[in-house]
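The structure under discussion appears below in the form of structure tokens.
In what follows, chains carry the letters A, B, and so on, assigned in the order in which the sequence lines appear, proteins first and then strands, with residues in each chain numbered from 1. Basis for what follows: all heavy atoms, side chains included, without hydrogens, waters or symmetry-related copies. Everything numeric in this text was worked out from a predicted model, so none of it was measured.
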Number of protein chains: 2
Amino acid sequence: MAARPNAGTKGVPRADREREILRIASTAFGTDGFAATGVADVAHAAGISKTLVYSYFGSKEGLHAACLAEAGGLLATEIERVARDGSAGVERGVRTLAAMFAVLDDRRHVWRLLRDRTAPQDGPAAEVVAQYAARIEALAREGVLELLGGAGITDDLDVSAMVRTWLGIVDSFMDWWVAHPDQDAAEMTQRVTRLIAALVSDHTRRVAAPTPREQDAAP
Amino acid sequence: MAARPNAGTKGVPRADREREILRIASTAFGTDGFAATGVADVAHAAGISKTLVYSYFGSKEGLHAACLAEAGGLLATEIERVARDGSAGVERGVRTLAAMFAVLDDRRHVWRLLRDRTAPQDGPAAEVVAQYAARIEALAREGVLELLGGAGITDDLDVSAMVRTWLGIVDSFMDWWVAHPDQDAAEMTQRVTRLIAALVSDHTRRVAAPTPREQDAAP
DNA sequence: CTGCGGTAACTTACCCGACGGTCATATCGC
DNA sequence: GCGATATGACCGTCGGGTAAGTTACCGCAG
């Protein structure tokens, strides 16, 4: 459709076209994962030839790195902003989620870009993502330390497990949001606030250690 | 080593060999994901040829389906057992986690088998996994309904988001466990109990809705 | 016991489609 | 005409899947 063969689409400035490719590639990488996304697919979706993508970004990894740099900068900046506003504990978590919903309302797939297990574990792109992931995780750790410190927990392993869990909670809400496109950022914020409040004040029972009998299960 | 060329390893009964292949394949699928796992890799790890794997399981999907059937049966059975013991709310969640730690102590990768996004979304194997995933999710929903019901929340979307979140929490603990092989099931159970107790009784502040200013962020 | 054919287990060597990546060529603005 | 921009056609590799051949075991006739 767009792009009759060799029409010479020079009218479109290169920078704009790069941004569009980046947007499409981010969506694809974030939706299907790095491994399952083909450069040809991205090019086709952008109405452009595969070769042109390579001339812009050098390689599949280069394209991926560009997407990650954009996504990582966006998210890390925003999370750092919330970190400075002085909230703490569970409230800080909710505020962080709210900020991310606001920023990602029209690019919900972006969160998954930084947490894609199919992405290569080394190479230049991996270093980019590792850097941003480290920043984000450091902020998460900060929040978790406050939260657990209030409960008298300072053990390193406890903290690292809780950080992992917090990131998993964010993952889950993002996944749910992607699966419910009609929900806007404000609705999500309210929902998350409501749910976390309900979780924090469990009305059912006290938490008790499970019976030791739980250990000898397994048929 | 084993298997000098065409040594005729008939001494090993077929059923045992199938079980061994299944064990190795489960580890591989659970660790690297369906897409990133090659049949040749599995065969090599089992000390046999790729063709033999095909003669046993028909296809890569067939092998995958066999792994999933085993894993799904194990997990669904165990979760259902806990569901019948009468606990509720957060306590039921902790008990479920404890049971899963006990069952999966020496096969920690198995949980990820059922939650692999790189697995094909249709085909016979997908139906197997969908069935078990549905059973597990139904039980999770049951628990979430109790928990949220106690807080006066019955909205369907709230429930579905909370189910997703709970599964994400399980994912996170399992991931952390895989990354910390020295931790045994009993230690994990204690840790999870401690962490969830800390989360549920937040000592820092009340949860409050974030300021509306949070909405107009994004540089 | 020995030789022999049948069969099940197993492997080597190959096919083929998909995908990352490259090159010669064609078009457009100036 | 020239340089920048863009492309269709092509290559190498990798991985799922298959065909044909090889080995080992078993029952049995002599």
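Residue A:Arg17 places none of its side-chain N or O atoms closer than 4.0 Å to OP1 or OP2 of D:dT5. For D:dT7, neither phosphate oxygen OP1 nor OP2 lies less than 4.0 angstrom from any side-chain nitrogen or oxygen of A:Tyr54.
Between A:Phe173 and A:Phe101, the ring-plane angle classifies as perpendicular under the 30° and 60° cut-offs.
Interface remark: the B:Lys50 side chain does not form any donor-acceptor pair with the D:dG15 base, using a distance-only criterion of under 3.5 Å.
Nucleotide D:dG8 holds its C1' atom 13 Å from the CG atom of A:Leu52, rounded to whole Å. We find that NE2 of A:His64 is positioned 13 Å from P of C:dG21, with the value rounded to whole Å.
No engagement by B:Phe57 is indicated, since no non-hydrogen atom pair under 4.0 Å with the nucleic acid exists. Using a 4.0 Å heavy-atom distance criterion, B:Ser59 is classed as a sugar-phosphate-only contact.
In terms of position along DNA chain C, the nucleotide closest to A:Ala36 lies nearer the 5' end than the nucleotide closest to the other residue of the pair A:Ala36 and A:Gly58. Heavy-atom distances to DNA chain C give each of B:Thr51 and A:Glu61 a nearest nucleotide, and the one nearer the 5′ end belongs to B:Thr51.
A salt bridge does not link A:Glu20 to A:Arg23: none of the charged side-chain nitrogens sits closer than 4.0 Å to a carboxylate oxygen.
Here CZ of A:Arg141 is found 15.0 Å from CH2 of A:Trp166. Values are rounded to the nearest 0.5 Å.
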